[in-house]
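Residue numbers start from 1 in every chain, and the chains themselves are labelled A, B, ... in the order their sequence lines are given, proteins ahead of strands.
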2 protein chains.
Amino acid sequence: MSPTLELDHHEEGDAALPGRRERKKRTTRLALKAAALDLVAERGFAHVTVEDIADAVDVSVRTFFNYFPSKEACIVGEDAERIDALRDELLGLPPDVSPLEALRTVFFSRLRAIEEDIDISGEDHEVWLRRFAVLRSQPEVFFAFAKHLAMMERSLTDALVVRLGGEEWRLYASLVTTTVIGVMRVVGTSSATGGGIAAMKKSAEEAFDMLAAGFELRQQNRKARR
Amino acid sequence: MSPTLELDHHEEGDAALPGRRERKKRTTRLALKAAALDLVAERGFAHVTVEDIADAVDVSVRTFFNYFPSKEACIVGEDAERIDALRDELLGLPPDVSPLEALRTVFFSRLRAIEEDIDISGEDHEVWLRRFAVLRSQPEVFFAFAKHLAMMERSLTDALVVRLGGEEWRLYASLVTTTVIGVMRVVGTSSATGGGIAAMKKSAEEAFDMLAAGFELRQQNRKARR
DNA sequence: GCACATATTTGCACTATGTGCAACATAGCT
DNA sequence: AGCTATGTTGCACATAGTGCAAATATGTGC
């Protein structure tokens, strides 16, 4: 795409990225995710085969499976790097930040990264939002996503256990993680998401406040309102 | 159970159950679930094929797929009837019961039904507990379970929306449902479950209290403890 | 530029999941 | 017994996913 004339020898671009090989892999990976999303949005999950996706990016089916362990993983945008980044960020926060607060911080930071297209996956925020639209409209994809989130949950729970300093906190850590991820999922797939990432942030804020305050409180608001 | 002697002709059992045909189906279904669970517990999810399960119950593979839409569904114990029963129970509660309280009630009632082997699925509580053991030890099965719960979540959320009286409550209903199901999942798969259903109930009680009170409160307890 | 080491892509064979369809068998009813 | 509805099975077929080895592209030293 970009010319980037040769400097001297066989070097050509962007020293920030490890090399041409890595860059190509990244490009292919992103192209597969984007193509898969487009096709599924258009025809529905069941009517898109792996072959369709591979053809759209002009790689072999076998290569597709070098990039993703399953069709679902590709559509859902599964990314080990991304999960690891989340976990590392969590581990990097000061130890006196509470689990709920820590998860909250990390998720919002991730939302911002995606919004500004500086997410580690290199995924465009437009693609990311489109995925949520598909999630909302296609139950099969939504369920696959739930599965994916369960994997993420595992990783984040482990990190929280480390932060809290011992296995005796695992049950508590699990509860907080599952709850926070549930909230993010609901917010992400709620119809309010029509408003883009900004709307999601707002919804998420409210949901977190509600969580911190306890559900019954909100419930009392409800009663008061009628 | 109750004899209900023959009325006149070729009637033989339990008039409560629709007929021999239904009873046979029920038996086959339960046998498939139990066999699948045994095999998976023994060899691991990946090393059990649908053919293995079908053979163990002596039905054809094709018949297996008449009972369950997938291998995962069988192992996870997916059961449309059961989900419907949960939903109906939820809808049957007095309208002034709060969503959190309603879900809590329904889940505990279900736990009791399973404990006393009067669950609608007819599943033995011993099998049910064994499933959680498998869930705990095999990630693949656990992730499949998460998917299954996402389906249940949908149904319960719909019921809550009906209870609350309008679509404007969907976001709130989703949040409560996802959270409660998350809690039940964590509690069910926590190591504490070694103590059987009684231990699960106790853990769940604590988790619900924590939820109602808000997470940060618990977090303060934690700080106070060190 | 050339040659070598290493990583990636691909084709091929194979196993397993899941579905549609039509033949067959069984339960339920009169 | 005989008729009908429902459940079971075999068979053909599409798709998902994996292991392996050959072909290809990249990175590197000279």
Next on the checklist: Taking atom CD as the centre, does B:Glu126 end up with more than 12 heavy-atom neighbours from other residues, nucleotides or ligands that are less than 6.0 angstrom away?
Outcome noted: yes

Checklist entry - Rounded to the nearest Å, what distance is computed from the NZ atom of residue A:Lys71 to the C1' atom of nucleotide D:dT15? => result 8 Å

Next on the checklist: Under a 3.5 Å cut-off for both contacts, is D:dC30 paired Watson-Crick or G-U wobble with anything, and if yes, with which nucleotide?
Outcome noted: C:dG1

Item to check | Whole-Å distance separating the NZ atom of B:Lys24 from the P atom of D:dT9 | outcome: 10 Å

Next on the checklist: Would A:Lys33 pass as a cation-pi partner of A:Tyr67, given that its NZ or CZ must be under 6.0 Å from the six-membered ring centre and within 45 degrees of the axis?
Outcome noted: no

Next on the checklist: Regarding D:dG19, can its base be found pairing with the side chain of A:Arg62 as donor and acceptor, where the two atoms are less than 3.5 Å apart?
Outcome noted: yes

Checklist entry - Between A:Phe107 and A:Arg104, is there a cation-pi geometry (under 6.0 Å to ring centre, at most 45° from the normal)? => result no

Checklist entry - Can you check the B:Asp58 CG to D:dT8 C1' distance for me, whole Å? => result 12 Å

Checklist entry - Nearest-Å distance, CG (A:Asn66) to P (C:dT10)? => result 9 Å

Checklist outcome for this item: With the side chain defined as heavy atoms from C-beta on, A:Arg21 is closest, among D:dT26, C:dT17, D:dT8, to D:dT26

Item to check | Whole angstrom value for the distance that separates C1' of D:dG10 from CZ of B:Phe64 | outcome: 18 Å

Checklist outcome for this item: Taking C:dT19, D:dG7, C:dT8 as options, the one with an atom nearest any side-chain atom of B:Phe65 is C:dT19

Next on the checklist: Just the rounded figure in Å: distance from P of D:dA16 to CD of A:Glu140.
Outcome noted: 12 Å

Next on the checklist: I'd like to know if the side chain of A:Thr189 reaches the main chain of A:Arg185, judged simply by a donor and an acceptor atom lying under 3.5 Å from each other, with no hydrogens or angles considered.
Outcome noted: yes

Checklist entry - The side chain of B:Lys25 lies closest to which of these nucleotides: D:dA16, C:dT8, D:dG7? => result D:dG7

Item to check | side-chain N/O A:Thr63 vs C:dT10 OP1/OP2, d < 4.0 Å | outcome: yes

Item to check | Rounded distance in Å - CD (B:Glu22) to P (C:dG28) | outcome: 9 Å

Item to check | Sugar-phosphate only, base, or nothing, as touched by A:Val61 at under 4.0 Å among non-hydrogen atoms | outcome: nothing

Item to check | N or O in side chain of A:Tyr67 less than 4.0 angstrom from C:dT8 OP1/OP2 | outcome: no

Item to check | Touch class at under 4.0 angstrom, heavy-atom based, for B:Phe68 against every strand present | outcome: nothing

Item to check | Flag for A:Thr63-A:Ser60: side-chain donor and acceptor within less than 3.5 Å | outcome: yes

Checklist entry - Once you round it to whole Å, what is the distance between P of D:dT15 and CZ of A:Phe45? => result 13 Å

